[in-house]
Amino acid sequence: MTPSPGDRVRLTRADVTNEGVLMPSSDETHLVVKLDGGYNVGVDRSDAEVELLERGVRDVGDPGDGDDEADEGSEIDFDDNLPTVALVSTGGTIASTVDYRTGAVTAQFDAEDVLRAVPELAGRANYRGRVVTNILSENMDPEVWRELAETVREEIEAGADGVVVMHGTDTMQFSASALSFVLDTPVPVVFTGSQRSADRPSSDNVMNAVCAVEAAKSDCAEVMVCMHGSPSDDYCALHRGTRVRKNHTSRRDAFETVGAAPLGRVDYGTGEVTVSFADGKEYAERGGTELALAAELDPEVELVKFTPGMDPAALDYLSGKDGVVVEGTGLGHVHTDLIPRLSELVDDGATVVMTSQCIEGRVCDRVYDTGRDLLDAGVVEAGDTLPGTAKVKLMWALANAEEPADAMGRNLAGELTDESAPWT
Amino acid sequence: MTDREYDYEELGLVAGLEIHQQLDTATKLFCGSPTTLREPEEAERTITRYLHPTKSELGEVDEAALEESQVEREFEYLAYDTTCLVEEDDEPPAELDAEALDVAMQIADLLDLTVVDEAQVMRKIVIDGSNTSGFQRSVLLGQEGSIETDDGSVGIEDMMLEEESAKRVEETDEGVRYSLDRLGIPLVEIGTSPDVRSPEQAREAAERIGMLLRSTGKVKRGLGTIRQDVNVSIAEGARVEIKGVQALDDIDDIVATEVGRQAELVEVADELRERDAAVDDPVDASEVFEGTDSGVIAGALDDGGCVMAVGLEGFDGLVGREIAPDRRLGTELSDHAKRHGAGGVFHTDELPAYGVTDAEVAELREAVGAGDDDAVALVADSTEVAEAAIEAVAERAATAVEGVPEETRGANDDGTTRYLRPLPGAARLYPETDVPPVEPDPSAVETPELLTEKAERYADEYGLDAGLAEQVAYGRRMPLFEAVVADGTDPTFAATTLESTVTELRRDGVAVERLTDDQFRGVFALVASGDLAKEGVNEVLTVLAEEPELSPEEAVEEAGLAGVDDEAVREAVAEVVERNADQVEQQGMGAFSALMGEAMDALRGKADGEVVSDALREEIGERS
């Protein structure tokens with residue numbers, strides 16, 4: 001009999017005998033056994049004598065389902081005095097655990113498990129849980145954005161006073177942008193996630209989730225991102241969904257509002273969790289708009305980054321696209337030799353939009369010859385719209401606007417500012 | 001009782017050691033930060049965090065961790081210009097440090113341990129804030145080794161390579177402040193089998209392991225860099241884990257005292273059972289102490305607190321019985337009360353005292369219904385604390401009837417121990433998925449020369465006398481000694497300087513601990529090149545200790561010992577001879593000794609003695 005993961009085994013190799021529970025191994029050459037002291041140790045498969053002691057002493061197959069308590073406690077008391085917040089789950093590190101087969105961290109929980117994972121949420125609201133998908137955010141696509149938007153609309157229709165979307169951090173800014181464009185919302189829609197996985201006691205998931213729920217109860221009826229505002233567990237910043245960018249690979253405070261101070265903040269460290277908005281910041285107030293959804297997106301849009309030495313052939317595959325967003329240099333430039341190709345794309349009917357890889361600041365193609373040539377070729381300026389946001393906006397504009405090129409130059413959801421004011 | 005002799009074999013003494021030793025690597029175990037310790041005042045930023053218990057990969061929550069987290073505590077971390085995002089838990093860890101793995105494999109080799117085929121990095125949940133992540137990364141690296149002692153071999157169960165925790169700076173109003181300088185320094189944890197049978201063997205085993213560790217030349221030295229825990233039990237006693245034995249020299253005393261404590265507690269238990277002892281329910285005895293002269297009790301009552309008392313039936317005389325030097329069963333009760341925030345306990349075996357009168361004791365006995373054979377223990381504090389504390393006291397007293405409780409104790413400076421907490425349950429560990437498993441290759445590391453072998457070699461090869469050889473080999477400057485000898489410095493001179501000279505300077509109040517290895521090497525190099533006389537080394541080291549920013553060359557300058565060439569020596573010598581021309585004429589070479597001293601004084605250590613003596617001999621020869 002070959003032992004399988006979860007069986008109690010004795011492995012004898014040379015002078016050392018190891019007894020414990022066989023665990024799934026990440027490679028073929030080693031048997032991994034969890035010793036009674038808790039340590040895992042890998043033993044060379046070919047040299048070890050394996051003895052099966054007992055079958056199935058531990059359930060190690062699927063940590064998510066293996067949890068007996070998982071199905072208890074889903075009765076959540078309803079309190080008439082509390083607002084209702086919908087927790088919409090899409091996957092990501094805020095509710096993830098260790099996957100034994102790959103050894104990596106993956107999403108395993110539905111929205112209700114989040115309540116169990118984050119008991120600090122209790123008593124802040126009545127919760128409704130929805131799962132749109134359970135994927136890592138790098139696997140998101142426009143079809144999932146559409147499903148997400150429809151779910152959020154349903155939840156608001158069903159009476160949610162605010163919506164929290166739990167999302168992987170990698171592409172959170174894209175999904176937040178998508179919802180900003182497709183949805184007119186009378187209540188807050190707050191994206192949150194975690195940079196440090198939920199399987200560590202130090203995870204930022206607890207504070208981010210608590211702050212997001214408080215933001216969802218607030219007066220700001222916008223699509224926002226709520227994530228750590230500093231490396232400490234002291235406050236979360238509230239960013240407008242179309243102006244936010246993940247600016248660090250791993251820090252808790254990776255998310256920043258580009259070109260302005262954040263919309264507001266949620267203070268956590270003081271014991272009482274309080275939401276406040278920056279002085280003079282205009283935001284859409286709760287109930288100020290009718291719920292509406294224009295969820296169609298044109299997926300035939302590409303974002304290309306120009307860098308020195310770019311092979312012109314890189315633009316060949318753009319043939320037939322409905323829209324192209326260029327991330328140009330400086331004020332919005334590409335190599336002069338590439339301009340005829342962009343002109344050709346415009347002539348073929350594509351909307352070609354210029355943004356800047358400077359990230360901060362707005363494009364202006366009237367200053368240098370290259371810019372003027374680009375404008376002559378029919379390229380549209382996106383002002384200070386962030387490149388990623390511009391891609392999502394163009395998808396929406398192509399599917400919903402009368403004049404997509406014209407729409408790219410107008411502010412639709414806070415993505416484009418009228419003037420560049422110094423903010424720091 | 002302290003002078004009692006115990007027959008350890010008859011008592012069935014079983015002891016084991018757990019030794020934690022920091023490694024002296026260039027970088028930390030999972031990041032590139034240096035392993036240098038900093039002063040809290042040097043911190044350039046602070047981070048505050050909270051920790052939350054999580055489930056292991058098997059869906060279990062650590063009960064101890066859960067209990068710890070019931071109170072939300074705020075942890076503040078001091079970060080330095082040497083701190084990186086990994087230590088701040090804001091970046092995934094790098095791979096296991098190769099240098100630390102090499103040193104650990106050397107140690108495994110010396111302890112005769114078998115290195116595992118595949119080392120798996122685990123997370124050990126620790127949520128007292130001492131790790132920013134909420135867990136300590138730990139790797140089981142070696143298994144089943146042994147060391148030899150005079151009383152037989154002692155098995156080494158296993159060795160872990162793990163991260164050192166952050167240093168606790170102080171308690172704050174909200175929680176604890178930690179310093180990140182120490183977090184992540186590589187540490188080996190070595191656990192022996194329970195093979196130790198006498199206090200002397202415990203000490204010998206610890207000394208042997210310590211010597212083996214230091215033989216690598218790659219372990220940290222100094223206070224707090226090595227920590228020893230001792231597990232002790234006797235046949236009728238219980239397993240007791242004693243944490244934080246600071247000095248190696250204390251280990252035999254600690255073990256002997258613990259054996260005594262357990263033996264005494266066994267006798268106390270026998271006596272209690274004979275007396276049909278029992279512990280009553282605690283009662284509020286505040287009324288007894290209305291208007292008391294006892295400052296402690298009056299203070300608690302005035303602040304609105306109360307006096308909680310518990311009747312201990314059949315305990316009379318036993319609560320005050322000494323079970324370890326200056327420690328009684330009452331002290332144990334007191335330790336438990338302290339854990340719940342009380343200042344301690346009073347008990348009838350020590351009363352009347354502390355302002356408590358005879359009459360009050362009688363009234364107290366009456367209040368709890370205690371007779372002459374009984375004892376009473378009391379706690380005076382705020383009601384909340386007093387109630388929790390007296391429960392803990394009652395519980396501990398009840399345990400005394402059964403015998404010795406299993407527990408974790410802390411080592412005191414005087415060789416006794418105090419109660420800390422219950423024994424920890426099995427640690428909850430789950431895989432550190434951010435770090436891939438490592439396949440260590442023990443054949444790639446060389447077996448280091450043992451310190452015992454080094455001492456012999458220094459004597460044989462370098463002609464050092466045995467005492468000095470051992471001093472250098474076991475001393476913390478051994479790697480430096482080997483380096484400067486390799487640089488070409490005379491071994492005897494190097495050894496004398498690094499041991500005797502440095503000790504003398506320290507006694508003279510020179511801050512020699514500030515001298516770096518590079519400074520020493522620089523000074524020795526100046527001697528080797530003839531730019532500094534051996535006689536000037538003391539002064540130059542003194543200057544360097546006072547002004548560490550100086551280079552050795554600048555220090556020579558500063559000490560006024562710079563540049564005396566042979567010509568200048570001859571001139572100085574000629575001057576001395578001239579001044580003493582009469583003596584030279586009369587005594588010839590007989591005047592050499594007297595004039596040598598004068599010449600050296602004239603050159604004030606700027607010139608090498610041999611050069612001076614050659615010049616003087618020549619000069620005298622010419623004149624006589």
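Each chain gets a letter, A, B and so on, in the order the sequences are listed, and its residues count up from 1.
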(request) Rounded to the nearest 0.5 Å, what's the gap from CD on E91(B) to OG1 on T249(A)? Could you check? (result) 6.0 Å
(message) Counting C-beta onward and ignoring hydrogens, is there a side-chain heavy-atom pair between K34(A) and M122(B) closer than 4.5 Å?
(response) yes
(request) Taking the side chain as every heavy atom from C-beta outward, state whether Q120(B) and H30(A) have any atom pair closer than 4.5 Å. (result) no
(request) Flag yes if more than 12 heavy atoms outside E138(A) fall under 6.0 Å of its CD atom; otherwise flag no. (result) yes
(message) With a 4.5 angstrom heavy-atom cut-off, is it the side chain or the backbone of T132(B) that approaches chain A, or both, or neither?
(response) backbone
(message) Working to the nearest 0.5 angstrom, can you tell me the gap between T29(A) OG1 and D117(B) CG?
(response) 9.0 Å
(request) Check the surroundings of atom CD in E95(B): do more than 12 heavy atoms from other residues, nucleotides or ligands lie under 6.0 Å from it? (result) no
(request) Give a yes or no answer on whether the side chain of R49(B) reaches the backbone of P231(A) with a donor-acceptor pair at less than 3.5 Å. (result) yes
(request) Pick whichever of T46(B), D89(B), I47(B) has the most heavy-atom pairs under 4.5 Å with chain A. (result) D89(B)
(request) Take L85(B) and H248(A) through the side-chain contact (heavy atoms from CB on, under 4.5 Å) test and state the conclusion after the steps. (result) CA-CA 12 Å; L85(B) 288 183; H248(A) 197 278; 3.6 Å; yes
(request) Name the region of L140(B), side chain, backbone, both or neither, that has any atom closer than 4.5 Å to a heavy atom of chain A. (result) both
(request) Using a 4.5 Å cut-off on heavy atoms from C-beta on, say whether the side chain of P92(B) contacts that of R196(A). (result) yes
(message) So for atom NZ, which belongs to K243(B), do other residues, nucleotides or ligands contribute more than 12 heavy atoms lying within a distance under 6.0 Å?
(response) yes
(request) Measure E76(B) against the heavy atoms of chain A and call it side chain, backbone, both or neither at under 4.5 Å. (result) neither
(message) Is V139(B) close to chain A through its backbone or its side chain, or both, or neither, when contacts mean heavy atoms under 4.5 Å?
(response) backbone
(message) Tell me the closest heavy-atom pair linking S202(A) and S133(B), and the distance in Å.
(response) OG-O, 2.9 Å
(message) Rounded at 0.5 Å granularity, tell me how far OH in Y50(B) sits from OG in S203(A).
(response) 15.5 Å
(message) With a 4.5 angstrom heavy-atom cut-off, is it the side chain or the backbone of P436(B) that approaches chain A, or both, or neither?
(response) neither
(message) Just so I understand: if I count every heavy-atom pair under 4.5 Å between each of D47(A), T17(A), L35(A) and chain B, which residue has the most?
(response) T17(A)
(request) State, with a plain yes or no, whether a side-chain heavy atom of D434(B) is found less than 4.5 Å away from one of R200(A). (result) yes
(request) Quick one: which of Q143(B), R45(B), E144(B), E118(B) has the most heavy-atom pairs under 4.5 Å with chain A, could you say? (result) E118(B)
(request) Looking only at non-hydrogen atoms, find the nearest pair between G37(A) and L429(B) and report the distance. (result) O-CD1, 3.3 Å
(message) Is S138(B) in contact with chain A via its backbone, its side chain, both, or neither, using a 4.5 Å heavy-atom distance?
(response) both
